[in-house]
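The basis for the numbers below is simple: all heavy atoms, side chains too, and nothing from hydrogens, waters or symmetry mates.
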Amino acid sequence: VLDLPLVYQLEASYVQEGTRQAPRPVQSETRYARGGIVPRPLFERARQAYPMLRYPWREARAAMVAMAEGDPGLEAIQIEYVNPESGTSAQNILGFYALMLRPGQTLRMPPRSPASIFHMIEGSADVSINGESFALREADTCCAPGYTAIRLANGSGTAPAFLFMADESPLHRKLGLYEDWTGRE
């Protein structure tokens, strides 16, 4: 998932030649290991635009499983990857999410202005986008145009299904274009 087409069209892309960086251990995973807690040494917060670049799947999966167990009546088990310093979307233009479908669950997502990309991480799902249906299996990816009704159904009665999602919600919100058509579908 890249925002390169938009960045190219805006003529905002450039390259700066430099020396190759040596790989370093990822410290952000330990700094931001718990939700609701951020480092603040001597009462100052980090000023980095992107303080966390790696979001371990095991943590996201565990959070969704805990949400499902802690609130069985919750309709959608979905998390958003955010900047732990600001609470805003992890990237300025793109939004990243993970979604868990309980065994046998069907979820109807409201039509929204941004297009969406879905990638099946674990399990499988039957997908319907504007009435066109197909099966999504592990490692499959599909996309849905903006303003379309999306239905996701976990066909397994015994195992949850997990999807990664991406869209341009942060950009739409910044431009004042974001729309959610809940109740219109």
**Request:** List the steps, then state whether side-chain contact (heavy atoms from CB on, under 4.5 Å) holds for E122 with R61.
**Result:** CA-CA 10 Å; E122 186 179 321; R61 188 185 192 287; 2.7 Å; yes

**Asked** Do the non-hydrogen side-chain atoms of L107 and E75 ever get within less than 4.5 Å of each other?
**Response** yes

**Item:** Worked verdict on M100 versus M67 for side-chain contact (heavy atoms from CB on, under 4.5 Å)
**Value:** CA-CA 10 Å; M100 175 183 150; M67 284 174 63; over 6 Å; no

**Prompt:** Are the side chain of N154 and the backbone of L101 linked by a donor-acceptor contact shorter than 3.5 Å?
**Reply:** yes

**Request:** Provide the closest heavy-atom pair for F162 versus M120 in the form atom of the first, atom of the second, distance.
**Result:** O-CE, 3.6 Å

**Asked** Could you state the interatomic distance from CG (D167) to OG (S89), rounded to the nearest 0.5 Å?
**Response** 8.5 Å

**Fill in**
Test side chain to side chain contact (heavy atoms under 4.5 Å, CB included), reference F118, set I150, V127, D140, output is I150

**Request:** Over all heavy atoms of both residues, which pair between M64 and I79 is shortest? Give the atoms and the distance, please.
**Result:** CG-CG2, 3.9 Å

**Spacing of CD1 belonging to I117 relative to CG belonging to L163, to within rounding of 0.5 Å** = 13.0 Å

**Prompt:** Hey, what do you get for CZ (F96) to OG (S169), rounding to the nearest 0.5 Å?
**Reply:** 11.0 Å

**Prompt:** Has the side chain of S156 got a donor or acceptor atom that lies under 3.5 Å from a matching backbone atom of T158?
**Reply:** yes

**Message:** How long is the straight-line distance from CE of M109 back to OG1 of T148, given to the nearest 0.5 Å?
**Reply:** 10.0 Å

**Message:** Restricting to non-hydrogen atoms, name the atom on S113 and the atom on Y178 that form the minimum distance, rounded to 0.1 Å.
**Reply:** OG-CA, 3.3 Å

**Message:** Below 30° counts as parallel, above 60° as perpendicular, anything between as tilted: where do the rings of Y81 and F164 land?
**Reply:** tilted

**Shortest non-hydrogen contact between V82 and Y55, atoms and distance** = O-OH, 2.9 Å

**Complete:** Between the CZ atom in R112 and the CH2 atom in W181, the distance rounded to the nearest 0.5 Å is 13.0 Å

**Message:** Quick one, N92 with K174, criterion side-chain contact (heavy atoms from CB on, under 4.5 Å). Give me CA distance, side-chain angles, the key distance, then yes/no.
**Reply:** CA-CA 9 Å; N92 284 323; K174 285 178 173 82; 4.1 Å; yes

**Prompt:** H119 and A139: which non-hydrogen atoms are nearest, and at how many Å?
**Reply:** CE1-O, 3.4 Å

**pair N83-P51: side-chain heavy atoms closer than 4.5 Å** = yes

**Prompt:** Which atom pair, heavy atoms only, marks the closest approach of R137 to S124?
**Reply:** NH1-CB, 3.1 Å

**Message:** Quick one, I121 with E138, criterion side-chain contact (heavy atoms from CB on, under 4.5 Å). Give me CA distance, side-chain angles, the key distance, then yes/no.
**Reply:** CA-CA 6 Å; I121 300 282; E138 283 186 30; over 6 Å; no

